[in-house]
Student: 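My structure is below; once you've seen it, I'll send some questions.
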Amino acid sequence: MLDIKFIRAEPALVQAGAAKKRIAVDVDAILALDKQVRELGVVIDDMRSRQKSASKRIGEAPAAERPRLAEEQKREKAALQEQEREHSALQARLRELLLRVPNVPAAEVPEGRDDSENVEVKRWGTPRSFDFEPRDHIALGELHDWIDVERGARIAGSRNYFLKGDLSLLEGAVLRFALDRMVAKGFLPMSVPTLVRSDVMVGTGYFPGGVEQAYRCDERDDLCLVGTAEVPVTAYHQDEILDGQSLPRKYVAWSSCYRREAGTYGKDTRGLYRVHQFQKVEQVIVDVADPARSLAHHHDIVRNAEEVLEAFELPYRVVNVCGGDLGAPQVQKFDIETWMPSRRAYGETHSASRFHEYQARRLNLRYRDPEGVVRVCHTLNNTVAASARMLIALLENHQEADGSVRLPAALRPYMGGRERIGAR
RNA sequence: GGAGAGAUGGCUGAGUGGCCGAUAGCGCCGGCUUGCUAAGCCGGUGUACUCCGCAAGGGGUACCGAGGGUUCGAAUCCCUCUCUCUCCGCCA
């Protein structure tokens, strides 16, 4: 959420930012409503002030006088209550609108309509040229009985799966490697709730825009399954005022992630690329409100992910996500795409975002600076490793003609020292 | 699931209808005292919105877990909910 004061000061900037993101917003209408809310607020504050002093006088008046004075106050009160009802309706409407105002994208965000216009900023490694007909991960999974999508679908519907044997172990190895690496960099590991209240989904910016993408419990419990550990970790300090000295806070969390994938019928239906549940190690940073520091963190968290891919010996590229492909909350986003032979393309495996105040303001996540001033924090996050897609890349890139899969050196200690899996 | 107790400012903890945005202590900040430190003394110390002011600053309103209600007036009374703790039951 943007600061309403910022919107008042820079309406054109906000309107232009929304346009760059291809998100419809009427800034003028919001400002008109804001003005209305404030004007009525002044009236109400004034009425309450009179009400309070009148009540005080009644308390001090002789008992005989009180009933008559109270009677007068009753009429005043009715008028006040009517204004209050009007005011809170307007405030609620304003908040609804504000929750949908997108964050202003950075100048470095490229213009563009959709992901086809994202701009590649880096490429590492070279996609391997096979001297045999490479299998896709599903074929490899069937060959070794590592993946069972049929029973997954029978148990839980389409886009659900079982991982078995060495692939299940490999999933754990990938995630644990990623986690260990981040801990070594000073990130605090956390185990987190994956079922959260919907105000946390609003706070992190997923709601109201992304309600369709989240699994929700029924009306007995106001809880949602998170699509990423970013949600509980970023909301960890909700409603707190942190000591500025304690920032930045760097967290890393391993969690299951749940996505409804509404509106993706017929898209990526084969295999583990687009699934309803997967596991992910996520890095989150909370820091002071300094755009330069946020930017530096952004580069760092991208680099952290790159190092994991390099350790896995997987070719990747980094793209600067264009305005039209950017979500409402982000200032800027870099996606890392890893080479996937079956797609004959790079597929998104990581997403690194910086938000400035957008999430923190919704979460009421603040800190006290050295001068004692309370400010809203900045937040950022990025994937470190996400299980299903990382497994696709590892299987497909490191497969051999006989269907076995070579393990990169980094993963061997996590796989009992083995150099390959699926050897016959 | 059953029974009970609770939720107040950074923390501890008073406050059962008007004198309470809230006693006191601790912590923190400033000052004084003092070879240094410790102790002591004095003062200050919540958040949000809003109005006035160039500013320093000042005024108003709201907030005592959340939401409703009673009342001229609610931290205080009533209702609902959430959370915490204790005991019992069940259970990974």
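Sequence lines set the chain letters: A, B, ... in the order given, protein chains first and strands last, and positions in each chain run from 1. Treat the numbers as computed from the prediction; the structure is a model and nothing was measured.
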Student: Side chain of A:R368 only, heavy atoms from C-beta on: which candidate in B:U61, B:C72, B:G46 is closest?
Tutor: B:G46
Student: Considering residues, nucleotides and ligands other than A:R412, do more than 12 of their heavy atoms fall under 6.0 Å from its CZ?
Tutor: yes
Student: A:H378 vs A:H356 aromatic rings, parallel, tilted or perpendicular, using cut-offs 30° and 60°?
Tutor: parallel
Student: Quantified in whole Å, what is the P atom distance between nucleotide B:G21 and nucleotide B:A74?
Tutor: 11 Å
Student: What's the CG-P distance between A:D243 and B:G27, to the nearest Å?
Tutor: 18 Å
Student: For A:E108, run the salt bridge (Lys or Arg N to Asp or Glu O under 4.0 Å) check against A:K333, A:R354, A:K20 and tell me which one passes.
Tutor: A:R354
Student: CE of A:M47 versus P of B:C51: gap in Å, rounded?
Tutor: 18 Å
Student: Between B:G73, B:U50, B:U47, which nucleotide gets closest to the side-chain atoms of A:I241?
Tutor: B:U47
Student: Could you let me know what B:C28 is paired to, Watson-Crick or G-U wobble, both distances under 3.5 Å, or none if it's on its own?
Tutor: B:G44
Student: Within 45 degrees of the ring normal and closer than 6.0 Å to the centroid, is that where the cationic atom of A:R389 sits relative to A:Y273?
Tutor: yes
Student: Within the 4.0 Å heavy-atom criterion, would you say A:L69 contacts the bases, only the backbone, or no part of the nucleic acid?
Tutor: nothing
Student: Pick the closest RNA chain B nucleotide for A:K52 and for A:K56 by heavy atoms, then say which residue is nearer the 5' end.
Tutor: A:K56
Student: Compare side-chain N and O positions of A:K74 against OP1 and OP2 of B:G73 and report whether any pair is under 4.0 Å apart.
Tutor: no
Student: With P as the reference atom in both, quote the distance from B:G69 to B:U76 in angstrom, rounded to an integer.
Tutor: 14 Å
Student: Classify A:R57 by what it touches in the nucleic acid, base, sugar-phosphate, or nothing, heavy-atom distance under 4.0 Å.
Tutor: nothing
Student: What contact category does A:K77 fall into here, base, sugar-phosphate, or nothing, at under 4.0 angstrom with non-hydrogen atoms?
Tutor: base
Student: CD of A:Q245 versus P of B:G10: gap in Å, rounded?
Tutor: 18 Å
Student: For B:A39 versus B:C51, give the span between their P atoms, rounded off to a whole number of Å.
Tutor: 46 Å
Student: Rounded to the Å, how far apart are A:E60 CD and B:G17 P?
Tutor: 18 Å
Student: Look at the side-chain N and O atoms of A:R50 and state whether any lies under 4.0 Å from the OP1 or OP2 oxygen of B:C72.
Tutor: no
Student: Taking for each residue the nucleotide of RNA chain B with the nearest heavy atom, is it A:G59 or A:I44 whose nucleotide lies nearer the 5' end?
Tutor: A:G59
Student: With the side chain of A:R366 defined as its heavy atoms from C-beta on, choose the nearest nucleotide among B:U47, B:U61, B:C72.
Tutor: B:U47
Student: What is the separation between atom CG on A:D45 and atom C1' on B:U50, rounded to the nearest whole Å?
Tutor: 6 Å
Student: Does the side chain of A:S49 get closer than 4.0 angstrom to OP1 or OP2 of B:U61 through an N or O atom?
Tutor: yes
Student: For B:A55, which nucleotide in any strand shown is its Watson-Crick or wobble partner with both distances under 3.5 Å?
Tutor: none
Student: Using the side-chain heavy atoms of A:R38, tell me which of these nucleotides is nearest: B:C51, B:U61, B:G73.
Tutor: B:C51
Student: For B:U37, which nucleotide is its Watson-Crick or G-U wobble mate, given both distances must be under 3.5 Å?
Tutor: none
Student: To the nearest Å, how far apart are A:R197 CZ and B:A66 P?
Tutor: 13 Å
Student: Does B:G17 have a Watson-Crick or wobble mate here (both distances under 3.5 Å), and if so which one?
Tutor: none
Student: Which nucleotide in the list B:C72, B:G60, B:U50 gets nearest to the side chain of A:K5?
Tutor: B:U50
Student: Rounding to an integer number of angstrom, what distance separates B:U47 and B:A22 when you compare their C1' atoms?
Tutor: 15 Å
Student: What interatomic distance, in whole Å, is found between P of B:G44 and the corresponding atom of B:G57?
Tutor: 16 Å
Student: Do the side chains of A:E65 and A:R68 get close enough for a salt bridge, i.e. N-O under 4.0 angstrom?
Tutor: yes
Student: Roughly, in whole Å, what's the span from CD in A:E84 to P in B:U61?
Tutor: 13 Å
Student: Work out how far the P atom of B:C42 is from that of B:G25, and round it to whole angstrom.
Tutor: 10 Å
Student: Please classify the nucleic acid contact of A:R68 as base, sugar-phosphate, or nothing, using heavy-atom distances under 4.0 Å.
Tutor: nothing
Student: What distance, rounded to whole Å, do you find between the two P atoms, one in B:A5 and one in B:C79?
Tutor: 13 Å
Student: Is it the case that the ring center of A:H298 lies less than 6.0 angstrom away from the ring center of A:F334?
Tutor: yes
Student: If pairing requires Watson-Crick or G-U wobble contacts with both distances under 3.5 Å, which nucleotide is the partner of B:U86?
Tutor: B:A3
Student: Side chain of A:H87, backbone of A:V37: donor and acceptor closer than 3.5 Å?
Tutor: yes
Student: Using whole Å, report how far CG of A:D239 lies from P of B:A66.
Tutor: 11 Å
Student: Categorize A:R95 for me: base, sugar-phosphate, or nothing, with a 4.0 angstrom heavy-atom threshold over every strand shown.
Tutor: nothing
Student: What's the closest nucleotide to the A:V42 side chain, out of B:C49, B:C51, B:G73?
Tutor: B:C51
Student: Now, which nucleotide makes the Watson-Crick or G-U wobble pair with B:A75, with each of the two distances under 3.5 Å?
Tutor: none
Student: Tell me if the aromatic rings of A:F177 and A:F312 count as close, with their centers under 6.0 Å from one another.
Tutor: yes
Student: Could you measure between the two C1' atoms, the one in B:U12 and the one in B:G89, and give it in whole Å?
Tutor: 35 Å
